[in-house]
Amino acid sequence: MGKADLHTHTIASDGAYTPEELLEKAFEKKLKIISITDHDTIKGYLKGKEKAKELGIELIPGVEVTAVWNKREVHILTYCFDEDDQEFRRMLLNQKKSRVKRMERIVKKLQSKGLDITMDEVRAEAGPGNIGRPHAASVLINKGYVASVAEAFIRYLSTDKLGHIKTMYVSVEELVKIAKKAGGVLSLAHPGPLYTQSEIDELMALGLDGLECIHPSHNFNLQRSFSKIAERDNLLITGGSDFHGKGKKDYDPYFGIVTVGDQHVMSLKRMARRRRELTRMNN
């Protein structure tokens with residue numbers, strides 16, 4: 001069976017590699033199926049489609065959407081959507097605008113703590129990508145405030161350190177509605193370090209289709225536990241390396257190793273096909 005990595009990032013958000021470079025590396029790792037799941041943008045996926053065909057890699061439409069639930073941010077991996085769906089596209093555009101406004105508030109908060117950081121510097125780090133906290137972390141590293149991205153988050157950029165910063169991200173409920181209408185399938189990203197079992201149950205009750213059971217932040221026992229929950233509740237099992245590239249995260253050594261079998265991809269695609277057929281019937 002082929003190996004699949006359903007969680008990767010490119011320079012379209014906070015990754016280090018272009019979509020083409022990422023696909024070349026996937027080919028080297030003998031991955032048969034991948035999904036480019038940049039944060040709140042499908043630009044990386046769209047740009048990588050031609051290269052994927054050239055290399056004989058199946059590229060699953062994907063995006064990691066930042067949504068709001070109970071006044072906190074939740075990352076939802078969304079797959080197999082109609083990339084031309086206008087409502088889905090508008091949602092992603094609004095997400096991009098919300099990211100910029102949120103970063104402006106983060107920069108002001110960091111400045112209030114005496115840190116020399118500007119929005120222009122964060123924009124320069126983001127380049128063509130959707131702006132996010134890792135780009136602010138890079139500025140702090142460049143200026144010697146911290147030695148690593150991990151330290152930047154621990155000292156300055158974690159939710160605990162920043163406190164509540166108002167955002168205009170899509171709600172989980174609205175995302176489920178928009179994504180499913182576009183034929184998409186939704187999976188809760190890296191739940192292990194972030195949620196209690198009761199919180200996971202509440203999120204699933206909102207209409208999510210699966211759990212990212214396989215992730216570098218989950219040890220073997222946790223992966224097995226989540227997989228059993230998914231099987232018990234008839235949920236999809238998704239997984240991947242959360243690859244960013246060039247030491248962007250500690251997870252990078254797991255590219256090509258933390259994968260799911262193609263039987264899970266087949267289940268995901270079957271659900272997406274049924275959803276698209278249902279949407280066509282209702283229209």
Side-chain angles (χ1 to χ4, degrees), residues 1-65 75 77-84 89 92 96 124-135 137-138 141 148-150 184-185 187 189-190 212-218 237-266 268-269 272:
M1 297 197 306
K3 294 193 298 182
D5 189 330
L6 300 180
H7 194 161
T8 68
H9 298 274
T10 74
I11 61 169
S13 63
D14 57 343
Y17 294 113
T18 66
E20 294 88 350
E21 290 170 337
L22 174 66
L23 285 157
E24 289 280 5
K25 292 192 172 295
F27 182 79
E28 292 170 9
K29 296 287 186 179
K30 295 181 170 51
L31 289 166
K32 302 297 183 183
I33 306 166
I34 77 162
S35 184
I36 292 175
T37 52
D38 285 313
H39 294 282
D40 298 308
T41 179
I42 61 172
K43 288 182 178 178
Y45 158 71
L46 293 173
K47 195 171 180 185
K49 287 170 70 177
E50 187 174 334
K51 187 67 174 179
K53 285 183 183 178
E54 176 189 321
L55 295 172
I57 294 173
E58 182 178 359
L59 184 61
I60 302 287
V63 61
E64 186 173 359
V65 180
H75 286 194
L77 292 157
T78 307
Y79 301 105
C80 297
F81 45 81
D82 175 3
E83 62 202 56
D84 296 318
R89 289 280 194 127
L92 290 179
K96 181 177 182 178
E125 285 295 327
N130 260 11
I131 204 163
R133 284 180 292 173
H135 303 120
S138 293
I141 291 169
S148 67
V149 172
V185 176
S187 179
H190 37 65
E212 188 178 39
C213 301
I214 313 302
H215 186 271
S217 65
H218 300 169
I237 292 173
T238 70
S241 64
D242 203 353
F243 180 69
H244 286 70
K246 294 182 180 175
K248 281 275 183 175
K249 284 195 174 184
D250 294 338
Y251 305 148
D252 289 353
Y254 298 101
F255 188 52
I257 297 172
V258 178
T259 60
V260 292
D262 57 5
Q263 76 273 24
H264 297 304
V265 179
M266 289 169 65
L268 186 152
K269 290 162 69 176

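Source: prediction; values computed, not measured. Side-chain atoms are counted along with the backbone in the values below, which use heavy atoms only and exclude waters and symmetry mates.
Lys3 places a side-chain N or O within donor-acceptor distance of the main-chain N or O of Gly256, the cut-off being under 3.5 Å. Panel note: side chain Ser187, backbone Glu212; a donor-acceptor pair is recorded below 3.5 Å. Counting only distance, with no hydrogens or angles, the side chain of Ser35 and the backbone of Thr37 share no donor-acceptor pair below 3.5 Å. Under a 3.5 Å cut-off, the side chain of Arg89 and the backbone N or O of Asp84 do not form any donor-acceptor pair. Formation of a donor-acceptor pair under 3.5 Å by the His215 side chain with backbone atoms of Gly239 is not found in this model.
Residue Lys43 holds its NZ atom at 10.5 Å from CG of Leu92, rounded to the nearest 0.5 Å. We find the CG-OG distance between Asn130 and Ser13 to be 7.0 Å, quoted to the nearest 0.5 Å. Here NZ of Lys47 is found 11.5 Å from CG of Asp38. Values are rounded to the nearest 0.5 Å. A distance of 13.0 Å separates NZ of Lys53 from CG of Leu23, quoted to the nearest 0.5 Å. With rounding to the nearest 0.5 Å, the separation of CG in Leu31 from CZ in Phe255 is 5.5 Å. In this structure, the separation between CG on Leu22 and CD1 on Ile11 is 11.0 Å, given to the nearest 0.5 Å.
Contact record, Gly44 with Ala12: N-CB, 3.6 Å, taken as the closest heavy-atom pair. Here the closest heavy-atom approach between residue Ile60 and residue Cys80 is recorded as CG2-SG, 3.9 Å. Looking at every heavy atom in both residues, Pro216 comes nearest to Gly240 through CD-O, 3.4 Å. Closest of all the heavy-atom pairs between Ile141 and Ser148 is CD1-C, 3.5 Å. The two residues Val63 and Phe81 make their nearest non-hydrogen contact at CG1-CE2, 3.8 Å.
Neither side chain, His135 nor Asp14, offers a donor N or O lying under 3.5 Å from an acceptor on the other. In the model, Ser241 has a side-chain atom that pairs as donor or acceptor with a side-chain atom of Asp5 under 3.5 Å. Side chain to side chain, His7 and Asp242 meet the donor-acceptor criterion of an N or O pair below 3.5 Å.
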Take Val260 and Leu6 through the side chain to side chain contact (heavy atoms under 4.5 Å, CB included) test and state the conclusion after the steps.
CA-CA 8 Å; Val260 292; Leu6 300 180; 4.1 Å; yes

Chi angles and distances behind the ring pair (Phe, Tyr, Trp, His ring centres under 6.0 Å) call for His9, His39
CA-CA 8 Å; His9 298 274; His39 294 282; 4.5 Å; yes

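Side-chain contact check for Leu59 versus Ile34: some heavy-atom pair is nearer than 4.5 Å. Counting only heavy atoms from C-beta outward, the side chains of Phe27 and Ile57 approach each other to under 4.5 Å. You'll find the side chain of Ile214 stays beyond 4.5 Å of the side chain of Thr259, heavy atoms only. Contact annotation: the side chain of Lys49 never approaches that of Glu54 to less than 4.5 Å [non-hydrogen atoms, C-beta and beyond].
Salt bridge present: Glu58 and Lys269 bring a charged side-chain N and a carboxylate O closer than 4.0 Å.
Residue pairs that meet the salt bridge (charged side-chain N to carboxylate O under 4.0 Å, His left out) test with at least one member in residues 19-29, sequence neighbours left out, are Glu24-Lys51.
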